[in-house]
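To start, the structure itself, in structure tokens.
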Amino acid sequence: MKHYFFIVLIIFISVGLAGCSDNDAVTLRKFPYPYKAALTICSDIDGTESIGKFLEIQGLLNTTRETTYGRGLGLDIGNTFWFYNQQYELHKRRLAGDSVPDVFFSGEVDFGISIFDGTSDTLSTYAPVILALIRAGYLDCLHTYGNFGVGGFTRDLATRSVEFLANESLKVDVWINHGGNENEQKVGDAPWYLGDNQETDVYHTDLTIPTGIKFLWRGQRTHCIGQNGEFSVVNLAKRFYEYIQDLFYTAQRFPHDNKLVHVYELDDGQKVFEFVRFINPWGKYSIPREPYIIHQLGPKQVDELIENHGYLVFYTHLGVNQRPPFLHDSTIDALRYIKKRFDQDDLLVTTTSKLLNYYVHHKYLFWRTKQRAESLFVIIDSIANEVEGSFVPDANDLQGMTFYIPKDLTTMLMVNGQPVSYIRNSRDEAGRESISIPWQTLTFPNVGCLK
Ligand SMILES: [Zn+2]
């Protein structure tokens with residue numbers, strides 16, 4: 001008798017739970033259909049001393065052509081850029097026999113590519129390639145205005161760059177701090193990050209932020225695989241470890257909630273979204289450089305990211321490897337595995353800017369539903385947050401947004417009173433049908449000199 005009672009109880013609970021998990025509810029899917037997680041490779045431009053090397057690497061990442069490394073991956077993986085390189089400028093002048101000051105730069109000598117030749121107002125010979133790639137969305141992050149020693153950066157150089165962007169009608173929305181303490185233009189709370197400090201000569205964020213910069217990398221690195229993912233004991237342990245580590249690092253304060261993005265107020269009061277970059281799984285291979293990529297973001301980490309349903313902005317320097325062919329076989333293996341999981345519809349791979357924009361627009365999307373007879377209306381009202389303000393989004397702002405919808409209802413997706421075209425998706429792993437605003441992929445421009 002007792003036995004039967006438990007069976008009846010279990011059936012009762014099951015029916016009750018099925019009733020609660022309302023398969024007819026309209027909900028916003030976490031990632032664009034059909035993906036389960038999202039990744040970007042966010043590489044700093046340091047050490048990329050020639051445009052040929054840069055294009056060989058991007059050729060593998062972005063095109064499906066035959067490259068030095070075999071068939072290209074055709075993925076939307078971006079990169080960063082500089083306007084100036086003072087270290088290269090000093091080198092050139094030294095070679096020309098000028099007497100030049102001995103300026104300190106931390107780390108290795110870096111003659112990385114830049115839009116302007118050195119610190120001059122003359123464009124570098126390959127500037128058109130950089131501009132074409134900014135325009136096409138592949139160079140999506142400004143890695144500060146450039147590579148400078150103490151006293152090298154000036155507000156005038158920022159003014160010239162901002163005017164240049166405006167004249168070229170170019171917009172970049174991600175700023176990534178670069179260099180040691182000598183690069184005074186950095187932005188954030190460390191006492192030697194002076195770019196957003198109004199009382200200094202190198203203050204520039206009043207010029208820089210209004211160009212469209214919304215996202216800032218101050219310097220936070222994490223070992224947690226998957227931000228905003230599902231709960232994991234391992235990630236919790238890593239958060240605790242990072243919290244303890246930061247008690248001994250007092251120059252900057254970082255949040256430890258394993259969220260991808262936080263609203264951050266600059267010294268001058270302007271607000272941006274700051275984001276965290278993943279460096280490695282457990283503290284080994286703590287230098288984010290090309291030769292270590294297989295250990296930092298190998299198949300095991302990629303699988304964990306997908307299982308965790310998280311976001312990941314991977315921190316590396318693809319160009320910091322001086323010897324041809326510049327990428328190790330192990331790196332190419334790691335990249336091909338990422339491509340495989342992308343092709344399997346598991347992992348969205350996109351640029352840093354597109355990933356961050358998707359994340360914040362998804363997070364701060366205001367929408368509702370209305371049902372009339374057999375018709376369902378999904379109505380998007382606005383995107384509203386402390387950084388972007390409140391606005392009615394367009395298809396570009398909404399790309400990838402996916403709504404689970406009930407079967408058997410005619411669905412209309414509306415923005416600002418107008419119907420928006422969408423794609424109807426078949427069931428995903430949750431067993432639910434959905435509609436998506438199409439995700440827009442990038443088109444690699446014809447920049448020549450690719451193998
Ligand atoms: Zn850098």
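Side-chain atoms are counted along with the backbone in the values below, which use heavy atoms only and exclude waters and symmetry mates. Throughout, residue positions are numbered sequentially from 1 according to the sequence presented. As the structure lists them, so they are numbered: ligands from 1, and atoms in each ligand from 1.
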query = Between Phe81 and Phe83, does the ring centroid distance fall short of 6.0 Å?
reply = yes
task = Determine the interplanar angle of the Phe342 and Tyr35 rings, folded into 0 to 90°, and report it as parallel if under 30°, tilted if 30 to 60°, perpendicular if over 60°.
result = parallel
ask   = Do any of the N/O/S atoms of His143, backbone or side chain, fall under 2.8 Å from the Zn ion (ligand 1)?
value = yes
query = Honestly, is Arg65 close enough over Phe444, meaning NZ or CZ under 6.0 Å from the six-membered ring centre and within 45° of the axis?
reply = no
Glu307 vs Arg341, salt bridge (Lys or Arg N to Asp or Glu O under 4.0 Å): CA-CA, chis, key distance, verdict = CA-CA 12 Å; Glu307 278 158 30; Arg341 298 308 305 261; over 6 Å; no
request  = Please name the atom of His178, restricted to N, O or S, that is closest to the Zn ion (ligand 1).
outcome  = ND1
message = Under 2.8 Å from the Zn ion (ligand 1) - does any N, O or S atom of Asp44 fall there?
response = no
